[in-house]
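This report refers to the structure that appears directly beneath it.
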There are 2 protein chains.
Amino acid sequence: MNEEDTGRRLPSRRVADGLRSAIAAGELAEGEKLPSERALADRFGIARNTVREAVRLLSEEGLVDVRHGRGVFVRRRRRLLRFGGARYSRTTRQETGLSPYRAELAEQGLTPRVECTSIERVAPPADVAERLGATTDAPSVVRRENWYFASDGTEEYPVQVGVTYIPWEVADGSVLATSADLGRESLYGRFEERGHRISRSREEVSARMPTPQEASGLRIPAGVPVLEVLHTGIDHNGLPFEVTRFTMRADLGGLDYDMPIED
Amino acid sequence: MNEEDTGRRLPSRRVADGLRSAIAAGELAEGEKLPSERALADRFGIARNTVREAVRLLSEEGLVDVRHGRGVFVRRRRRLLRFGGARYSRTTRQETGLSPYRAELAEQGLTPRVECTSIERVAPPADVAERLGATTDAPSVVRRENWYFASDGTEEYPVQVGVTYIPWEVADGSVLATSADLGRESLYGRFEERGHRISRSREEVSARMPTPQEASGLRIPAGVPVLEVLHTGIDHNGLPFEVTRFTMRADLGGLDYDMPIED
DNA sequence: CAGTGGTCTAGACCACTCA
DNA sequence: GAGTGGTCTAGACCACTGT
């Protein structure tokens, strides 16, 4: 790390710059521990709080992870998973025999796990109700919450949560309303059994910082936003039969749409 | 604001919680100025640095804007603009007579402005080259940089930047390579004149915190990520003829795709 | 100019991790 | 228990904004 550097910059920025370029140059490798805050303060002849300010800047830039009682570590960068708009195509499902989530992870040598953590009958939130043409004042939908994990052999980490809302008329009497275990295929086979074959998918995408709950649930590091996708499945009669809200760690996942453009 | 609150919480969190709920309850209205750091420190009997920590938390949550020399203000929330996948459809372009950007802003009563800030012949970045089937070691593309602004009557603010890369063979001899002023229609009319009518659009979406340059250029407030869309326009022969990288403030804009799903 | 946030200091004590 | 980050204090001075 270059400790001379410039003259005029503020001490906290000087330290941050030094550490940043050391990381960029690979002098501090991924996963490596930085010197302790006290050690850096000594070395630069500044107060510990000033070092903490520098570390905070790097942490917000997503360059380091600060771990209480252990130290500050250079953050490991992961390859981005790409989830496509072809997610719901029956051909895709049948060709690979895998759900798109499992297929994408397999391609990157990761082990997927999907867990359905709850199935409830509830009143839908306002934005979901609007898209389903339902009201918010009655328990008119089944809510299924799914957690998606990836494991690289060393550790397993959450990638996204998907919360699916299904009108009660669609789910009633089917495993959609009752069973957490739908096998390795996604929900879509079950919708077809109920007479709803998907013909259009609407996806509304936004990004924001996670809420504190999401940050801890998805174990989101500092300086990482979430992608939120509000997906609506529409059948051949133009009826919306399912809405899913995906909340995805933006450092692990992105989206990939390939769409025909009509004249 | 409720100053009693809980007992055990840390002082910085107590103050942050108090301010947060005052904002949520509307006791502190949008645009309103919070008490100064020194005033809050006095009122709560804590050090000014502790108040600053509380304000920093709120700022990172995107609830307040801190303005040097002026004060801390409750951030104004804006409605999200939605940019659709139908952006490139010729019908859409002709029906409205407006570019999709202008149409979406008009719908929300905002005044759009689009400015082309540079046209250069350059070597494409790696990801763009890959999608165009070009190489990165020759100035094989025209790079057009467009800034998109919105004005609500009070102030004008940047919404997104779009950087378009066009293979030299496509742009050569056309205004695509030379003119900043393409009129109110988007680029797509010009591509058609050159024999490239769009038939497919691929859009790769990701989210991340802005770089310091992006943060200042787009005037992005604290705690706001950017959406990055790498768009590839593909013609009826399956040839990519244009790649655009959109970088959008995630507190102002989102995406809205409506796609057919093939069996 | 007064008032605001921005940075820094030199300490103190607490909470967590690991040997 | 030694070492790490987490929080807090009570001051100081600087930089920016507005009157």
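None of these values were measured; they are calculated from a predicted model. Letters A, B, ... are given to chains in the order of the sequence lines, protein chains preceding strands, and every chain is numbered from 1.
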N/O to N/O distances under 3.5 Å, protein versus nucleotides 16-19 of chain C:
| unit_1 | atom_1 | unit_2 | atom_2 | d |
| --- | --- | --- | --- | --- |
| C:dC18 | OP1 | A:Arg70 | NH1 | 3.3 |

Assign each of B:Ser12 and A:Glu37 the nucleotide of DNA chain D bearing its closest heavy atom; nearer the 5' end lies the nucleotide of A:Glu37
Gap between atoms CG and P, on A:Asp42 and D:dG3 respectively (whole Å): 13 Å
In whole angstrom, give the distance that lies between atom CG of A:Leu34 and atom P of D:dG5. 9 Å
Sequence neighbours excluded, the answer for side-chain hydrogen bond (donor to acceptor under 3.5 Å, both in side chains) partners of A:Glu30 is A:Arg77
Among C:dT4, C:dC8, D:dG5, the one nearest B:Lys33 by side-chain distance: C:dT4
With a 4.0 Å heavy-atom cut-off, tell me which residues in residues 211-225 of chain A come close to DNA chain C, sorted by residue number. none
Ring pair (Phe, Tyr, Trp, His ring centres under 6.0 Å) filter on A:Tyr148, not counting sequence neighbours, yields A:Tyr101
In whole angstrom, give the distance that lies between atom CZ of B:Phe44 and atom P of D:dA10. 16 Å
Non-neighbouring partners of B:Arg48 that pass side-chain hydrogen bond (donor to acceptor under 3.5 Å, both in side chains), sequence neighbours left out: B:Glu37
Applying side-chain hydrogen bond (donor to acceptor under 3.5 Å, both in side chains), name anything that partners A:Glu104, two or more places apart in sequence or on another chain. A:Gln108
Is the terminal nitrogen or CZ of A:Arg67 (NZ for Lys, CZ for Arg) located under 6.0 angstrom from the six-membered ring centre of A:Phe73 and within 45° of that ring's axis? yes
Who pairs with A:Ala54 by side-chain contact (heavy atoms from CB on, under 4.5 Å), at least two apart in sequence or on another chain? A:Val15, A:Ala16
Under the side-chain contact (heavy atoms from CB on, under 4.5 Å) rule, collect the residues that match up with A:Val161, sequence neighbours excluded. A:Glu145, A:Trp147, A:Val163, A:Leu218
Under the side-chain hydrogen bond (donor to acceptor under 3.5 Å, both in side chains) test, which residues partner B:Asp65, sequence neighbours left out? B:Arg75
Using a distance-only criterion (donor-acceptor N/O pair, under 3.5 Å, no hydrogens), is the base of C:dG5 paired with the side chain of B:Arg38? yes
Test side-chain contact (heavy atoms from CB on, under 4.5 Å) on B:Leu58 and B:Arg20 and set out the steps. CA-CA 7 Å; B:Leu58 299 180; B:Arg20 193 186 293 105; 4.0 Å; yes
Using heavy atoms and a sub-4.0 Å distance, could you list which residues of residues 46-56 of chain A are near DNA chain C? By number, please. A:Ile46, A:Ala47, A:Arg48, A:Asn49, A:Thr50
Tell me the salt bridge (Lys or Arg N to Asp or Glu O under 4.0 Å) pairs involving residues 114-124 of chain A, sequence neighbours left out? A:Arg113-A:Glu115
Using distance only, find each side-chain donor-acceptor pair of residues 122-130 of chain A under 3.5 Å and give its atom names and separation, not counting sequence neighbours.
| unit_1 | atom_1 | unit_2 | atom_2 | d |
| --- | --- | --- | --- | --- |
| A:Asp127 | OD1 | A:Arg245 | NH2 | 3.1 |
| A:Asp127 | OD2 | A:Arg245 | NH1 | 2.9 |
| A:Asp127 | OD2 | A:Arg245 | NH2 | 3.2 |

